[in-house]
Amino acid sequence: MQDKHGDVQGVISVGQNMTEQRKTQKRFEIADAVFENSKESLIVTDGDGRIMSVNDHACVVFGYRNDQLLAQEINLLASPTHDHNYYKSIEQILDADGSWQGDITYRTKRGDICHAWLEAYEVQHTRENRVERVYSYTDLTHFQVTDKKISFLSKQDPLTGLDNRISLFSRLEDRLTRANYQQSAVAVMLVDIDDFKAINDKHGHNGGNQVLKEVAKRLKNCLSGKETLGRFVKDQFIIIIDELVSELDAAKLARKIAEQFRRAFVIENVHKNLTASIGISLSPDDGIEVGLLFLNAERAMQRGKHDKSTVYNFYTPGLTLGLNKEFELEKELKQALLSGQLDLYYQPEYDLNKRQIVAIQALLRWHHPKRGILLPERFLSVAEGSHLLVPIGWEMIRKACLQAVAWEKAQIKFGRIAIALFKIQLSQISFIAELQTILKETGCSTRQLNFIVDKEILGDASTDILSNLNNANKMGITLTVRDFGMAADVIDLINRLGVANLKISDSQIENGLESLANNAQLKSANVFASSLGLNILSDAIDNAEHKAFSSSHRFDSGQEHFLHKKVMSVSEATFYLRCNNH
């Protein structure tokens, strides 16, 4: 202090405690350092959700520059994985509780969807009357990938990527439970690589692993989609066939697998021929428990190790033998088609109202070089399983057309040749085109043909079947529906397709005469046909009961001779037709 003359009279000091201020400043400096250097992605927004501050780590994680995020809304990072209601619920919790935490996904600038643990909380600034929100993202993408990898390794074989033993047990358990509910069958197929130890000994584990991966690849190529493939142990693979329709399906798959082993394997640039032993067990026949089915498949496989006469073995030896015979028959049937062993025999079709023979039905027979003449019942199921029904059907039509032309040239009256069609044949889109080709090649007229269709085919007819039948009828081919007692929808189709004949079998006539009820049904068939304007046909009359049903029609000696010998070869049918040229 100075007096009026400027002389110093004393000193006045004013002190202020800066400790708290310095501490606060230090806290802010530390907070800024933590904010900027945190390994968490930190974002601060105002009360309206606009970004006020963002740390460097957040910029790196989200893929934006700092200036690209500032003043933007926080929902810029929102992921399409969550809907609007999900984010709305977070807002509601923040408003009510002041904080929220949980799993969330976010979207980066590149559009990648990533996982994070989010902690969000509000900071109230009472003096300024404002609210800020802090969002802290902890990246979980690495953990998500790790979890998926752990999950994969727990169920998959790391070498081949196939299901492992644990997963196979679990899957078979599920399949058996479902099969029991659906009352369907399941097959377990064990594929064992023969002499695999020798491969490891000679080429080492790298060579062995190379083979295992190639085997897995080839086995995958054999599957249709409803099977489960896995690596059981070491050099053994398991295939579970769900909803098995027939043992034949399992046998066919086994043959496809055996075929894969006919190509040499390349091990360290060396070509090596390998074989496999295949064992098959079936549920419920060979067991309904997982362990037992695996065991029985292994027992069947071990039997194959000692007997290389077949490429696979079922747990039930008789089944292996029977299916091998079926496959042999399939091979012979393919050869029969090529070498003309399939032939047509004939029997007359009798109009029960007109009391005369109006057509000749063609019946398929196989002249087997070793087994003699085989009836269709013996080989058509094999043909169906090997996709031969369609070519066999066309072979029948072609031969019938050639015979019709031959009889026409010889001036032999036969009415029409009737041919029963297969459902799969009628389902072909190219049916009419193929038919026209045969008619053109053989010179056969459509007025010489009569197509027989079973009632069951009409009852479950697709659009293609109906279209083919309709077009065949328009071409001039007569249609006959076999069987009677039909549902309303089938009767409607008979009218729409212009069906001319209704055919009943000998057995229906014989059964009809055994009781009043059956006899009434037979008579109703006649009324039924008459009311629809249909001819009612049967195979030729060959006994007294049939004669009674046909209202005591008289036969001459030539017809009597034939009626006791219904099915005829071409020469016999020709002789009969010459004798009864009326």
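On a predicted model such as this, the values are computed, not experimentally measured, just so you know.
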(request) Sequence neighbours left out, what passes ring-ring contact (aromatic ring centres under 6.0 Å, His included) with W394? Give chain and number order. (result) F431
(message) Once rounded to the nearest 0.5 Å, what's the spacing between atom CD1 of I432 and atom CG of D464?
(response) 11.0 Å
(message) Would you say R218 and N221 are linked by a side-chain donor-acceptor pair, where the criterion is simply a distance under 3.5 Å?
(response) no
(request) Compare all side-chain heavy atoms of L469 with those of L458 and state whether any distance is below 4.5 angstrom. (result) yes
(message) So I397 and F451, do their side chains get closer than 4.5 Å, heavy atoms only?
(response) yes
(request) Begin from the C-alpha positions of I240 and V186 and carry the test side chain to side chain contact (heavy atoms under 4.5 Å, CB included) through to its verdict. (result) CA-CA 7 Å; I240 301 169; V186 175; 4.0 Å; yes
(request) Could you grab the distance from atom CD of E247 to atom CD1 of I241, nearest 0.5 Å is fine? (result) 11.0 Å
(message) Can a side-chain donor-acceptor contact be found between D194 and S277 if the only test is distance below 3.5 angstrom?
(response) yes
(message) If only side-chain N and O atoms count, and only distance matters, is there a donor-acceptor pair under 3.5 Å linking T478 with N450?
(response) no
(message) Heavy-atom count check: over 12 atoms from other residues, nucleotides or ligands less than 6.0 Å from Q182 CD?
(response) yes
(message) So, using salt bridge (Lys or Arg N to Asp or Glu O under 4.0 Å) as the criterion, who are the partners of R263 when residues are at least two apart?
(response) none
(message) Just to verify, what does S224 make a side chain to side chain contact (heavy atoms under 4.5 Å, CB included) with, not counting sequence neighbours?
(response) K226, E227
(message) P284: which residues meet the side chain to side chain contact (heavy atoms under 4.5 Å, CB included) condition with it, sequence neighbours left out?
(response) I288
(request) In plain terms, say whether K370 and E332 are close enough for a salt bridge, that is, a side-chain N and a carboxylate O under 4.0 Å apart. (result) no
(message) So, using side chain to side chain contact (heavy atoms under 4.5 Å, CB included) as the criterion, who are the partners of D343 when residues are at least two apart?
(response) H367, K399
(message) Using the salt bridge (Lys or Arg N to Asp or Glu O under 4.0 Å) criterion, which residues pair with R165? Sequence neighbours excluded.
(response) none
(request) Please identify each residue that fulfils side chain to side chain contact (heavy atoms under 4.5 Å, CB included) with A254, with sequence neighbours left out. (result) M189, I278, I280, Y312
(request) Would you give the length of the straight line joining atom CG of D192 to atom OG1 of T275, rounded to the nearest 0.5 angstrom? (result) 9.5 Å
(message) Holding to ring-ring contact (aromatic ring centres under 6.0 Å, His included), I want the full list of residues that pass it with F237, two or more places apart in sequence or in another chain.
(response) none
(message) Suppose the criterion is ring pair (Phe, Tyr, Trp, His ring centres under 6.0 Å): which pairs have a residue in residues 395-421, not counting sequence neighbours?
(response) Y346-W407, W407-F414
(request) Quick one: pull up NZ in K213 and CG in D157 and give me the separation to the nearest 0.5 Å. (result) 10.5 Å
(message) E259: which residues meet the salt bridge (Lys or Arg N to Asp or Glu O under 4.0 Å) condition with it, sequence neighbours left out?
(response) R262
(request) Please list all pairs passing the side-chain hydrogen bond (donor to acceptor under 3.5 Å, both in side chains) test where one or both residues lie in residues 420-445, with sequence neighbours left out. (result) K423-D460
Please output the side-chain donor-acceptor pairs of residues 168-176 that fall under 3.5 Å, not counting sequence neighbours, one pair per line with the distance.
residue: R171; atom: NE; partner: D163; partner atom: OD2; Å: 2.5
residue: R175; atom: NH2; partner: T228; partner atom: OG1; Å: 3.4

(request) Enter the distance from L190:CG to Q236:CD here, rounded to the nearest 0.5 Å. (result) 4.5 Å
(request) Report the distance from atom CG of L364 to atom CD of E377, rounding to the nearest 0.5 Å. (result) 10.0 Å
